[in-house]
Each structure stands twice: as C-alpha cells, then as structure tokens.
Amino acid sequence: MRTYYLKRLSMGALLIFSVSILVFSMMHMMPGDPIDLMVDRRVSQDRRDALRKEYGLDRPLITQYVDWAGKILLHGDFGIAIRTKQPVNDQLSRRIPISLKLCGLMFLFELIIAVPLGLICAYKKDSWIDRIITNISLVMTAVPNFWLCVILIIIFSVKLKWLPISGYEQARNWVLPVASGVLGGVSGTIRLTRSETIDAMRQKYVVTAYAKGLPHRAVVVGHVLRNALILITVLMCMSIPWLISGAVITERMFGIPGMGHLLINSIVMQDYSVVQACVLIITTLTVAFNILGDILIGLLDPRIRIAQTEGAQ
Amino acid sequence: MESTAREELLRLDKLSVDYPVRGGWLSAVSELSLTLFKGEIYALVGESGCGKSTVAYAVTRLLPGSERVDGGIYFEGDDLTKLSASKMEKVRGRRIGMIFQNPLDSLNPVYTAGRQISEAIALDGVSRLDARDRAVRLLRDVRMPDAEKRSRSFPHELSGGMRQRVMIAMMLSREPDLLIADEPTTALDVSIEAQILSILLDQKESRGASVLLITHNFGVVAETADRIGVMYAGELVEEGGAEDVFDRPAHPYTRLLMRALPRSSKKAGRLETIEGAVPRFTDRPRGCRFRNRCPGAMDVCAVLAPEYKTVNDGHRYRCHLERTGEA
Ligand SMILES: Nc1ncnc2c1ncn2[C@@H]1O[C@H](COP(=O)(O)OP(=O)(O)OP(=O)(O)O)[C@@H](O)[C@H]1O
Ligand code: SF4
Ligand SMILES: [Mg+2]
C-alpha cells in the first residue's frame, strides 16, 4: 500500500519536473530576447548587458534552471516578473485567494445541485422529471462555457439589469461567474450520479440487503449510495483541475482578477515568469488531485485497495 | 412419510408471474400451487429457465418490479402479495431467509463479511458489538475456517465456498422459519456442497425450520428432501414425497429425468440430459407445455391442458396419461 502511493507520488513528481523543464525552456526558445521585453529598443547595448547580468540571463541555461527551480522548491519564490518588474509571488498572493474562492464556490454548488438531482433521476428513472433533467443536462453539455457566460451576461446584466457584469467585491458580483461554471460542469455530474446509482441499484448485493430485512432507507444509504459514491467522489475530485482551467475563461469573461485572469494577461504580454508560475501551479494541482483521487478510491473500495497493494509489490 | 398432522407454513395458490418482453408477456410461472409444511425440506427441481428462481423471488417479493403477479402467497396466515412494503420488510430475513444463487455478486464488495452478517442481526435490536460476536459464532456454525479472521475479510478475499457460508450465516442469523435456498451449491465443488446441505438439514432438525430448496440437480435432492416438486416451463408437473417421486415417477418428464440419472456422480445428476430445450411461452398455451418433448404425446395434449391426477396422498402429477407400470 505505502509502496503504491510512493510510486504514485514519484510519478507525479516526475511529471511536474518535466513540465517545469518545458515551461522553463519555453521562455528561452521563443524568438527574441527576454531583454527586449523589458526595455525599449533604443536602450543601449551596454545597458542591456548590465540587465542581462542583473537577471542572471548570461549564465548557462542549466544554472539558470537550477537557480529558478531551487528558489521555487526551497522558498516558494517564483522570481521577478520581467514585464512588471514586481515579484511574481506578490501578484500570485493577491490573485490565488480570489481563484480559490471562485473554484470552491463552483465545486460546492455543483456538488449540492448535481448529486441530489442525479439521485432523483436514478430513483425516478424514466419518469417525466428524469426526462426533463437528463435532457436539459444533455443540452448543457453541448454548450461551450464562454458562450454560456455571454448568454448569462446578456440576459441578467444587459437586458434585466439584475446583476453586475463584472467586479468581485460584493456577493452579487459572484452570482453570474459561479452560475456559469456550475451550469457547465453540473450536467456531467448529474449524468454520472444517475448512471452510477442506477448501476448500483441493479446489483445483486442490493437484493441481498433487502432479503436480510433491511428497511428501504438503509438499503439506499448503506448499499446503493455507498457504492455509487465511490466513483462519483473520485471523478469529482479528479475533475477539479478541469474546473480550475475552466475558471480561467470565467475569470476573464467576468473580469475577476484571479489567477486565470493573470495567466491570460501574462501570455498576451509575454510575461514569461508569471506564465511559468501559473502553469506550474496548475500542473501541480492536477497531479495532486489525481493522487488524492487515487487515495480516495483506495479508501472507499477495498477491492481497489487490495489491487493497489498487490500492484505495488 | 410422517403420519402426524402437518402444519402448513407456506402455501402458493395459483401463483403466476409474467415478465414483460418484446411481443408481450413471458409466462415464467403459471398457476403454480404448492404447500410447504413446518419442519420439512421441499425441493423444487427443474431445468434452467423453468421459473424456479422466479418462485423464490415472488415469495420474498424481490422481483424486479416490471412483472405481473397473480394468485396468492400465504405465509403463516398472511397473504404476502397484499402486505404493505414496510410489513414485508419485517418478513424478510426475520421470517423468511433467502440464500442466493451466486455468492460473489450477492455480497457487497465494500463491507467485511462480519459487518454484512451483523447488519442483519442488529435489526433485531442487538447492539453492534454483540452482533459482531454473534456473526463470528454463526460463521463458526457454518464451518467457516478461521471464522474470527474471516469475519474481517472482504468478499473478494474469500473463496466461492466461503462466500456461500457468509451468505448462509447471514440468512440464518435471524432464525427465520422458512429458508429459501436458490441453488445454494451450484458453483461449489462436491465436498462443500455436502457440507452446505448438511447445514440446511441441521436447521430443520435442530430448530424445526422449513427449507425450500431450489435446484436443477437431482443428486442434491436425493439425500436432503422430504418432498419434491418438479417444475417444467413454469408449471408444477409432479409433486410428492421424495421416495414416491424417486421410485415411482408418474409424469413423463419426471420419468425421463429419472432415467437419465445415474445416481452416483454429481455431474450426471444435472438435468441437461434430455433432448430439446424448455420452450418459452409468451402467451398461455392451450395444450400441455411439455408436448413438444413428450414421448407419449397424444392429440388431446395439443388442445387441452391436463388436470392433476392423484397417485396417492400427496403424490400428484399433471398429465393426460394414466400412470402405467414402472418407469
Ligand atoms: N427480469 C426478467 N425479465 C424477463 N424475463 C425474465 C426475467 N427474469 C427471468 N426471466 C425469464 O423467466 C424464465 C424463468 O427464469 P428463472 O430465473 O426463474 O428460471 P430458473 O429456473 O431459476 O433458471 P436457472 O436454473 O437458470 O436459475 C426464464 O425464461 C428467464 O429467461
Ligand atoms: S399431457 Fe400429453 S404431452 Fe403433456 S406430459 Fe402428458 S402425455 Fe405428455
Ligand atoms: Mg435460478
């Protein structure tokens, strides 16, 4: 068991390492000189050389990489932004809480809405309510997220003038962005919950549970849900990175100054060290949530726990 | 057969079950009447697909829900077909236990064996801790090797025979008056089969439980059953005391079964040795359901369903032929 997770962890570390090399070399493989991004064309060559020295850009690439990665690893320091000449960490620390809040709210509402609806569909399978929910969620899947944002803005901000288009200071600012994220993600979770629950209901052990005399409620909670929730929990956990990348667009559309917003701005401005930081953080989160999902599934499903144990030996 | 007055425990009165299929209703069980007495083992025998499990699920009201059920199921005075869902919950496990055909799928993979047994025991107001102790004792009773340790195992860590022991312990745990065992030994090898049958026998002898033993293996029936009912295509074609049916089978189908049965080995006891397959009926046919395979079929068999004929007290069969000589 422990060996299994150690293996997973080192695989994750390896992935993060490879991505870090990729994002690092990105800066140096791009046409043009990073110095060009910092200063005007008319700046003299002497001054450029001085700057190059100051930022350590004259050293061999390996040294630069080790220096960069070491600072991140040891101090969590992502260096100085080339364009804004401010510490990347300052920018991140202002923006990450905002993104966390957005993603957290989206995840929470998705959970509260999707799981109960999926359960209703499963238990009222083929009824009118099931048909309505399933069909709506099917349509929702086909709608791209940014399009949804636009529609929501047009209806609720422009036409009805109920909610503000952008901003993040007040609660009402968050309604549309969270709604757009939830509407986008909720349909997949509804359908997953529905199918997993229907699948669990059909299992023979559910019949056994009834046969030994358990009341309906106890069967539903202790046997149907308990088994259906294994995959729902794990897949939802593993979908969090998707949620985060989806939030990049949402932040941009609604002018929420989170990490996604920062990422897009930095790409446009070719502010590489910020891009590197954002990409690395998102990669690390993806890896972390995948490992978390793996641990969760092992905790929830003893069959997998055994397989993981044996697989590691 | 005992001469003492026998007390009725379960009575099926013209039980019919139809499943919805493309093109109509599949008649899985048709007007089946039988009575199970207290303290006896009644074996319901028949080929695969003849409707044995359907009978078992109908009695416990665990059918899938899309089916059509007709007739009465009387258990200690109650008509189970008319009980409310919550009253039925109190019948299951406590008054009627059911052992299922496939012991792998029938246990929940996420709970330990002990937990699944004690979950049943706890329904009778026993504390969780006591229930756990009793679960281990029950596992010992059904001769689970290393019961203490096995009670903490998950189903997939157990062999087929062990799983079936867990299932049996679970269904014995609340001491039901009636145990329905749906092919409890099909997937198991002969030595384990014998053990499991002796556990069922013990239930009858030690506390007077009745057992409805469902099987397609006549070999299983021989040593265990007091009475035998032979099913064919959803109908009960012959019924009687075990010796009567074994030694003096009256229905052409039963005779064929007996003739095809060298009584020693388990494999040969299986009922696949008769030519042709059980037909499936999507409507109630007019004549006899066995006539396409019956060596003695007559013209009348095609138009008129036979009535039961009585051989002696409790031994009856359903055929137009008078019983002639020995099989
Ligand atoms: N849910 C269902 N829907 C439609 N048909 C069904 C359903 N369940 C069973 N049947 C059909 O009803 C008939 C009787 O099935 P049943 O399972 O009762 O037979 P069985 O005697 O228990 O057979 P086996 O020995 O294979 O377990 C079969 O023809 C089967 O295909
Ligand atoms: S009624 Fe006719 S077809 Fe049916 S079993 Fe008897 S003889 Fe055979
Ligand atoms: Mg069956």
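Chain A is the first sequence line, chain B the second, and so forth, proteins listed ahead of strands; every chain is numbered from 1.
- Heavy-atom distances place the backbone of B:Ile96, and not its side chain, under 4.5 Å from chain A.
- What you find for B:Tyr111 and A:Arg226 is that their closest heavy atoms are OH-CG, 3.2 Å.
- Under the 4.5 Å side-chain criterion, counting only non-hydrogen atoms from C-beta, A:Pro302 is not in contact with B:Thr112.
- Of all heavy-atom pairs between B:Glu89 and A:Leu214, the closest is CG-O, 4.2 Å.
- Residue with the most contacts toward chain A among B:Met98, B:Glu119, B:Arg61, B:Lys90: B:Glu119 (heavy-atom pairs, distance under 4.5 Å).
- Closest approach of A:Tyr205 and B:Leu107 over heavy atoms only: CB-C, 3.5 Å.
- Atom CZ of A:Phe109 sits in a sparse spot, with 12 or fewer heavy atoms from other residues, nucleotides or ligands closer than 6.0 Å.
- No option in A:His223, A:Gln203, A:Lys204 other than A:His223 meets the side-chain hydrogen bond (donor to acceptor under 3.5 Å, both in side chains) test with B:Asn108.
- Listed for the B:Arg94 side chain is no donor-acceptor partner under 3.5 Å among the backbone atoms of A:Gly213.
- Both the backbone and the side chain of A:Arg303 have a heavy atom closer than 4.5 Å to some heavy atom of chain B.
- For chain B, the nearby part of A:Ile230 is the side chain; its heavy atoms alone come within less than 4.5 Å.
- Atoms NZ and CE, from A:Lys212 and B:Met170 in turn, are 4.5 Å apart once rounded to the nearest 0.5 Å.
- A distance of 8.0 Å separates OG1 of A:Thr208 from CD of B:Gln116, quoted to the nearest 0.5 Å.
- Residue B:Phe154 holds its CZ atom at 9.0 Å from CG of A:Asp301, rounded to the nearest 0.5 Å.
- Listed options B:Gly97, B:Pro176, B:Gly93 were ranked by heavy-atom pairs under 4.5 angstrom with chain A; first place goes to B:Gly93.
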